[in-house]
2 protein chains.
Amino acid sequence: MTTPTLTRQPRTSYHHGNLEHALIAAATAMIRENGVEHVSLRAVAAQVGVSPSAAYHYFPDKDALISGVGEALFDQLADRQEEAIAALTSRGAVAARARFRALGESYFEWGRSETNLFRLMFGVFCSLDPGEVEQKRLESRAWVILHNCLDDLAATGAMDPALRPYGEILSWSVVHGATSLIVEGHLPEAAFASILDGLELSLGIANGKANGNSK
Amino acid sequence: MTTPTLTRQPRTSYHHGNLEHALIAAATAMIRENGVEHVSLRAVAAQVGVSPSAAYHYFPDKDALISGVGEALFDQLADRQEEAIAALTSRGAVAARARFRALGESYFEWGRSETNLFRLMFGVFCSLDPGEVEQKRLESRAWVILHNCLDDLAATGAMDPALRPYGEILSWSVVHGATSLIVEGHLPEAAFASILDGLELSLGIANGKANGNSK
DNA sequence: CTATTATCTATACATTGTTCAGATACAAAC
DNA sequence: GTTTGTATCTGAACAATGTATAGATAATAG
């Protein structure tokens with residue numbers, strides 16, 4: 001909103017260099033600020049300093065551009081999760097609990113601070129076909145991170161073994177559902193901490209409020 | 001897609017009668033079929049048999065029309081939930097468990113069969129301001145239904161009392177998150193039953209697989 | 001019957017996604 | 001180094017969209 005920028009940004013060379021990447025980067029920035037529904041192909045092209053038609057050399061249509069943005073975002077989210085885990089200092093059985101907590105919190109924090117990008121990732125534009133679900137999911141970095149964390153919890157006996165098979169799908173559903181509902185204003189922001197508490201309690205992970213950042 | 005209908009539908013009287021309602025109804029039908037991102041104000045007006053400008057007498061802009069559609073949908077979802085509960089025949093302590101299960105399943109079934117409407121309800125267009133969250137939530141019929149069900153579960157001792165405070169937010173997050181992820185293709189459809197099993201188990205509701213539709 | 005008012009229409013405008021013929025610059029061949 | 005070829009980008013055009021404005025129409029009140 002602050003920068004309409006419908007006038008084309010000047011450019012030195014005729015060939016752009018890496019237009020595909022530049023288009024995705026510009027589109028990401030604009031979606032991040034104004035939401036996916038208020039982004040125009042023309043504005044993205046103008047920002048990059050290119051004619052609207054040029055985009056069609058790399059993407060069949062606008063939807064493809066936006067999908068391209070979405071795919072890259074899943075990696076960004078996984079980066080955040082790994083950073084959050086790397087920042088932890090605890091060791092041993094406590095570590096697994098802290099990691100579990102950190103995973104949920106970083107997921108929520110991503111949704112809270114990057115709401116427009118979060119909406120894009122889990123909206124129509126990034127919707128997967130039923131065929132590729134199983135494969136994509138198991139390949140996804142975020143899934144692997146969660147999976148390993150739950151394995152550690154189970155190995156150190158810090159989790160109800162009967163619930164282990166439900167670990168990934170249950171945790172992901174809780175954290176994603178809470179984030180979505182809060183982000184869209186159907187639950188208050190403060191509810192997230194409670195929900196995480198409840199999840200840990202119900203999985204038999206944390207005893208009481210003893211969680212996280214102790215050494 | 002099947003019916004473009006950009007030509008205006010004929011009308012008998014000059015005044016439509018209840019144009020506001022008719023516009024919402026037509027918009028709902030078109031969103032239901034083609035998704036909110038492929039619905040045009042002009043097409044909705046044409047379907048009702050009215051000029052595009054006529055809509056601006058009842059809605060300040062297109063977004064307001066769509067928001068109007070969304071609000072009505074929350075009632076439709078609550079209707080489905082109440083129907084699902086009313087269809088149950090069990091009594092006593094078993095009834096509370098069966099009701100809990102039915103609530104989750106009807107929520108998911110709504111998302112699965114009415115995906116485009118589900119996306120609208122929990123998307124940007126129906127996003128609430130932080131101020132009105134608490135009030136709207138406690139007023140919402142779906143919340144009350146869930147709340148009562150959990151009270152019954154707690155009263156009959158069919159639920160871990162320590163988890164009761166987390167009941168609503170945890171259940172809603174799980175069911176909503178699972179529905180969202182499945183609907184957008186990030187989890188397979190078959191996962192929902194497992195997730196519900198896991199939720200019941202973790203809340204201490206069902207012992208093993210003994211759930212639901214027993215008398 | 002007349003005047004008032006709510007309701008709807010016609011027209012216009014800027015912006016959008018998309019197409020297509022052609023211009024431009026780089027790379028390889030001679 | 002010149003020529004040829006090819007990938008890349010431009011320009012103008014099109015239909016469709018959301019929306020504003022001025023005016024037409026019909027229901028209602030006096």
Side-chain angles (χ1 to χ4, degrees), chain A residues 1-27 30-31 33-70 120 124-125, chain B residues 1-27 30-31 33-70 120 124-125:
Chain A
M1 281 297 188
T2 50
T3 45
T5 58
L6 284 183
T7 54
R8 195 187 301 181
Q9 218 77 0
R11 216 165 72 245
T12 58
S13 62
Y14 187 84
H15 283 22
H16 183 282
N18 197 346
L19 184 53
E20 178 172 0
H21 178 267
L23 285 171
I24 286 195
M30 299 181 75
I31 292 173
E33 286 223 23
N34 304 113
V36 68
E37 72 278 3
H38 293 119
V39 165
S40 73
L41 205 236
R42 295 177 104 105
V44 172
Q47 177 94 320
V48 174
V50 124
S51 120
S53 330
Y56 287 84
H57 240 268
Y58 301 94
F59 305 96
D61 54 11
K62 184 192 177 186
D63 289 12
L65 206 204
I66 293 182
S67 297
V69 172
L120 169 59
V124 221
F125 289 105
Chain B
M1 282 299 188
T2 51
T3 44
T5 57
L6 285 182
T7 55
R8 194 186 301 180
Q9 219 76 0
R11 214 164 74 245
T12 58
S13 61
Y14 187 84
H15 283 23
H16 183 282
N18 196 348
L19 184 53
E20 178 171 0
H21 178 267
L23 285 172
I24 287 196
M30 299 180 76
I31 293 172
E33 287 222 22
N34 304 114
V36 68
E37 72 277 5
H38 293 119
V39 165
S40 73
L41 206 235
R42 296 176 104 106
V44 172
Q47 177 94 320
V48 174
V50 125
S51 122
S53 329
Y56 287 83
H57 240 268
Y58 300 94
F59 305 97
D61 54 11
K62 185 193 177 185
D63 288 12
L65 206 203
I66 293 181
S67 297
V69 171
L120 169 59
V124 221
F125 290 104

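Lettering of chains follows the sequences in order, A, B, ..., and the numbering in each one begins at 1.
Summarising the geometry, the separation between CD on E20(B) and P on dC8(C) is reported as 11 Å, rounded to the nearest angstrom. Atom pair F59(A):CZ and dG17(C):P shows a separation of 14 Å (rounding to whole Å applied). As rounded to whole Å, 16 Å separates atom P of dC26(C) from atom NE2 of H57(A). One interatomic measurement links the two molecules: CG of L19(B) to C1' of dT9(C), which rounds to 13 Å at whole-angstrom precision. Put simply, CZ on R42(A) is 13 Å from P on dT10(D), counting in whole angstrom units. Counting to the nearest Å, the P atom of dT17(D) and the CD atom of E37(A) are 19 Å from each other. The distance from atom CG of N18(B) to atom P of dT7(C) is 11 Å, rounded to the nearest whole Å.
Of all nucleotides listed (dT7(C), dT10(D), dT18(C)), dT10(D) comes nearest to the side chain of R8(A). Checking dT19(D), dT17(D), dA10(C) against every side-chain atom of S51(B), the shortest atom distance belongs to dA10(C). Closest approach to the L41(B) side chain among dT18(C), dC8(C), dG18(D) is made by dG18(D) (side chain taken as heavy atoms from C-beta onward). Checking dT19(D), dT9(C), dT17(D) against every side-chain atom of V50(B), the shortest atom distance belongs to dT9(C). For Y58(B), the side-chain atoms get nearest to dC8(C) when compared with the rest of dG18(D), dT18(C), dC8(C). Of the candidate nucleotides dT18(C), dT7(C), dG18(D), dT18(C) has the atom lying nearest to any side-chain atom of K62(A). Taking only side-chain atoms of A54(B), from C-beta outward, the nucleotide of dT9(C), dG17(C), dC9(D) with the closest atom is dT9(C). When distances are taken from the side chain of Y56(B) to each of dC8(C), dG18(D), dT19(C), the shortest belongs to dG18(D).
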Practice problem: Mind running side-chain contact (heavy atoms from CB on, under 4.5 Å) on I24(A) and Y58(A) for me, showing each step along the way? | Solution: CA-CA 10 Å; I24(A) 286 195; Y58(A) 301 94; over 6 Å; no
Quiz item: Taking it one step at a time, do R8(A) and S51(A) satisfy side-chain contact (heavy atoms from CB on, under 4.5 Å)?
Solution: CA-CA 8 Å; R8(A) 195 187 301 181; S51(A) 120; 3.4 Å; yes
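When all heavy atoms of A22(A) and V48(A) are compared, the pair lying nearest together is O-CG2, 3.7 Å. Closest approach of F125(B) and L120(B) over heavy atoms only: CB-CD1, 3.8 Å. Heavy-atom minimum distance, L65(A) versus A27(A): CD2-CB, 4.0 Å.
In terms of polar N and O atoms assigned as donor or acceptor, the side chain of S53(A) comes within less than 3.5 Å of the base of dT19(C) in a complementary pairing.
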